[in-house]
Protein chains: 4
Amino acid sequence: MSDSSPSIKRRGRAAAGSAASRADRAAERRAAIVQAAMDEFIARGFAATRLDDIARRAGVAKGTIYLHFKDKESMFEELIRTAIVPFVSRLTTPPAPGGSVRDMVEALAKMFLQEVAGTRRADLVRLIIAEGPRFQAIADFYYREVVSRGLAAMRALIQLAITRGEIREPNLVAYPQLMIAPMMVAVLWKSLFERHAPLDAEAMLQTHLDLIFGARRPQ
Amino acid sequence: MSDSSPSIKRRGRAAAGSAASRADRAAERRAAIVQAAMDEFIARGFAATRLDDIARRAGVAKGTIYLHFKDKESMFEELIRTAIVPFVSRLTTPPAPGGSVRDMVEALAKMFLQEVAGTRRADLVRLIIAEGPRFQAIADFYYREVVSRGLAAMRALIQLAITRGEIREPNLVAYPQLMIAPMMVAVLWKSLFERHAPLDAEAMLQTHLDLIFGARRPQ
Amino acid sequence: MSDSSPSIKRRGRAAAGSAASRADRAAERRAAIVQAAMDEFIARGFAATRLDDIARRAGVAKGTIYLHFKDKESMFEELIRTAIVPFVSRLTTPPAPGGSVRDMVEALAKMFLQEVAGTRRADLVRLIIAEGPRFQAIADFYYREVVSRGLAAMRALIQLAITRGEIREPNLVAYPQLMIAPMMVAVLWKSLFERHAPLDAEAMLQTHLDLIFGARRPQ
Amino acid sequence: MSDSSPSIKRRGRAAAGSAASRADRAAERRAAIVQAAMDEFIARGFAATRLDDIARRAGVAKGTIYLHFKDKESMFEELIRTAIVPFVSRLTTPPAPGGSVRDMVEALAKMFLQEVAGTRRADLVRLIIAEGPRFQAIADFYYREVVSRGLAAMRALIQLAITRGEIREPNLVAYPQLMIAPMMVAVLWKSLFERHAPLDAEAMLQTHLDLIFGARRPQ
DNA sequence: AATGAATGAGCCTTCATTCAT
DNA sequence: TATGAATGAAGGCTCATTCAT
């Protein structure tokens, strides 16, 4: 008698019987949308990205997106924020304190190169650079959460290195950007010019560190 | 940036000086369109820019744009190219050969900071970074005309400095990007974070040069 | 012709009968668009027809058209094809085989006159003639599905008539167009000159048949 | 002193020194426009034809067209009229009165086939059929000048043939369209289907005449 | 008279957003 | 909650027409 399953419209993954609660499924969907949106925004930029494509890529209906986000713009902002957050914790985690400052900086920089340069996250950085001026909220957030924290951490390391005598140039503490600049360039290079001329970012990093900390193997 | 070219809207008769020939007028109009388009593209990016706005800003009718450009896309590409070209000659002009290499590099870098960072051209660089992946032709052109030439020139200077003993680090010749990275960062900083924290690019440059060439006033 | 389908504009809730499923509604809409488009194309030709007018006449939004057709051009082609198809079956249905060939031809011709000449379908024929050269696909389709089949059927009848001695002129079998020509002229006449001078197509048909089969009532 | 020839802009053909008066040149230009416009209208229909293309084809500036015609629409109407006129005289010229009526009709028909079917004029007929309903003035003109006259002339010939006993069917006089229908069909066939199946219009004509006048060589 | 640059209304098409189911 | 058909406001581009030269 019961008109059971009036229309199970392609649930597919939800077949997991009863384990997946409704909330779980919603979370899954949301994650799929976030993932898809990030891919599309990175590939096309904000304005040129179509919600249709995001929906298709996420395997949901267009309307579903509006159950999770107010509109395209806030989806974009929230997305970027979400993508940045896990990175922030990395920056705030102090590096293994043992060893030389150079080693600590090197470890940090390598981590950055591996996890950003040459990955989709490089394009995220590019995306923030590209859309920043139009999404001040994002630029602000990025500055507050990533840039200022990252620079502060770097400044502390520089200060430490100067104190320890690892770095001679005292002014560097005023410009931690100098420490980071090559990483920035590497990220953009991968994204824009890698096909023209590959860049060995890690080797460049060594040279950079040699300049700042003094060459290791002067011998 | 500034809404330059207040755009003489359809003067009834020949007004401006009376000397302006038809060709002159056409050139004027084209210049106005180029200017307006650059402003709009910089402000909004390619996809979000409306030809309507460009036309209004340039003080011409929408159709007029199509007398000068095939379509939005080729207008964009041609624009970027046109804007880059005058810069190329600067890069290829060898700096005054007298004096130390550091002086030459410093002169170059200051010129770059003054004429790019903090001007509309900084946003042009940002625009290229932003749209590069979607306009490979532009990325290619930029790499070929600006990046590779700039790096080659820088490499030559580094080589010279090493020969002369001004620079100790021999590996730097393999990574001229290291020389340029702070300039790049300065440009992007101005465009994105200046309002959060002003950056004294020239002072940063001095520190950068001290790192590479050795501090000047070590006493 | 007549603005049939008064087009229920966006009824707030489910109105019409309540039985109409979503698919039904879509089919209805599509039918309304097809109808409206046919009317407009017939009235103005392909190039001069505005999708705006089609949408308004069909009682749908402009965008809705694009849910059913790729673009104006393929809408036009598909439309013509759709309109022709039901006619093809008529042509392929052999006429009641009893009686004289003249009777069979007469039946066919009358059917044609009644269902084409003086109806919107006459304008469809005109439309095909008008746009054929610019829409070769349509001309091809029309030739393949209608013209060649119609002529083949007519040729078979002529052959039969010659065999039976109903038609004396043996060469007619090579030019079935001669049998059809007056019908063609009647159709175009109705569409173009009826208001100048009405044409009694059926009477003309009788005379035509008399010429070909010999006068009936020679006495 | 006389500011002679202030700017002979590409006159080219006008080089004929002094022979070509200004009026002559204007007439030439007008003729070129008429010719070009006819070609374009035939190739694309009224709505899809661009004045730009007409101007280019005629070798004049776009503005020049407006020195000769009020606007696109009246150009079209005037054009068709102009093209039809020379044909009217042909129709009104009685055929060589000697010989049989069949010979006269045959001569007329052959003339028509040669000068219309298979030439650009066939497309003119198609154009009139196509645009007639949207340009009632043209349809009216065409009916008045060509159709009614042509039919009247044909009717007279039929009457004569009946009187002389060349034609048996008395009703034909009421439907001179029957005499002309195959020619009409031939013209449209050439324009639409010739590439699918060539039509030997003259042979078809013979069969047609045989049907009406009786086979020639029954022997 | 002739030119063709300039205009701007208008058209096709796209796409963010809504809402009945 | 999820869907996707439907909407309609834009936006890119075209082209008949005008008008200063």
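Keep in mind that the numbers below use all heavy atoms, side chains included, and drop hydrogens, waters and symmetry copies. Every chain is numbered from 1 and lettered A, B, ... according to where its sequence line falls, protein lines coming before strand lines.
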Take the protein atom [atom1] of [X] and the nucleotide atom [atom2] of [N], then report the distance between them rounded to whole Å.
X	N	atom1	atom2	result
C:I54	E:dG10	CD1	P	18 Å
B:R56	F:dG12	CZ	P	12 Å
A:E40	E:dC15	CD	C1'	14 Å
D:Y66	E:dA6	OH	P	18 Å
A:R50	E:dC15	CZ	P	5 Å
C:L51	F:dA9	CG	P	17 Å
D:E28	E:dA1	CD	P	16 Å

Whichever of C:I65 and B:A48 has the more 5' nearest nucleotide on DNA chain F, that residue is C:I65
Starting at the 5' end of DNA chain F, which residue's closest nucleotide do you reach first, B:F46 or C:T64? C:T64
Describe, in one word, how the ring planes of C:F41 and C:F76 are oriented to each other, choosing from parallel (under 30°), tilted (30 to 60°) and perpendicular (over 60°).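 Ring orientation, 0 to 90° scale: perpendicular.
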Could you pull out the closest heavy-atom pair between [X] and [Y], with the gap in Å?
X	Y	answer
B:H68	B:A26	CE1-O, 3.7 Å
C:A130	D:R126	O-NH1, 3.2 Å
B:A47	B:E131	N-OE2, 4.5 Å

Would you please confirm or rule out a distance under 4.0 Å between OP1 or OP2 of F:dT3 and any side-chain N or O of A:R29?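 It does, given that an N or O in the side chain of A:R29 lies less than 4.0 Å from OP1 or OP2 of F:dT3.
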Please confirm whether any donor atom in the side chain of C:K62 sits under 3.5 Å from an acceptor in the base of E:dT13, or the reverse.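 Result: at least one qualifying N/O pair found.
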Residue C:A26, side-chain heavy atoms: nucleotide from F:dA6, F:dC13, E:dC12 that is nearest: F:dA6
Are any side-chain N or O atoms of A:T82 and backbone N or O atoms of A:E78, one a donor and one an acceptor, separated by less than 3.5 Å? yes
Return yes if some donor-acceptor pair links the side-chain N/O of C:D24 with the main-chain N/O of C:A27 below 3.5 Å, else return no.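 Here the side-chain-to-backbone pair does not exist.
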Residues D:E28, D:R25: salt bridge by 4.0 Å N-O rule: no
Between the side chains of D:E77 and D:R134, is the shortest nitrogen-to-carboxylate-oxygen separation below 4.0 Å, so that they form an ion pair? no
The single option from D:R57, D:K72, D:K62 passing salt bridge (charged side-chain N to carboxylate O under 4.0 Å, His left out) against D:D52: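 Exactly one option meets the salt bridge (charged side-chain N to carboxylate O under 4.0 Å, His left out) with D:D52, and it is D:K62.
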Annotated structure of DNA chain E as dot-bracket, pair cut-off 3.5 Å, Watson-Crick or G-U only, | for inter-strand, is .||||||||||||||||||||
Take B:G63 and C:D52, find for each the nucleotide of DNA chain E with the closest heavy atom, and name the residue whose nucleotide sits nearer the 5' end.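 Checking each residue's closest nucleotide, the 5'-ward one belongs to B:G63.
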Does any residue of residues 67-77 of chain D have a heavy atom under 4.0 Å from DNA chain F, and if so, which ones, in number order?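 By residue number: D:D71, D:K72.
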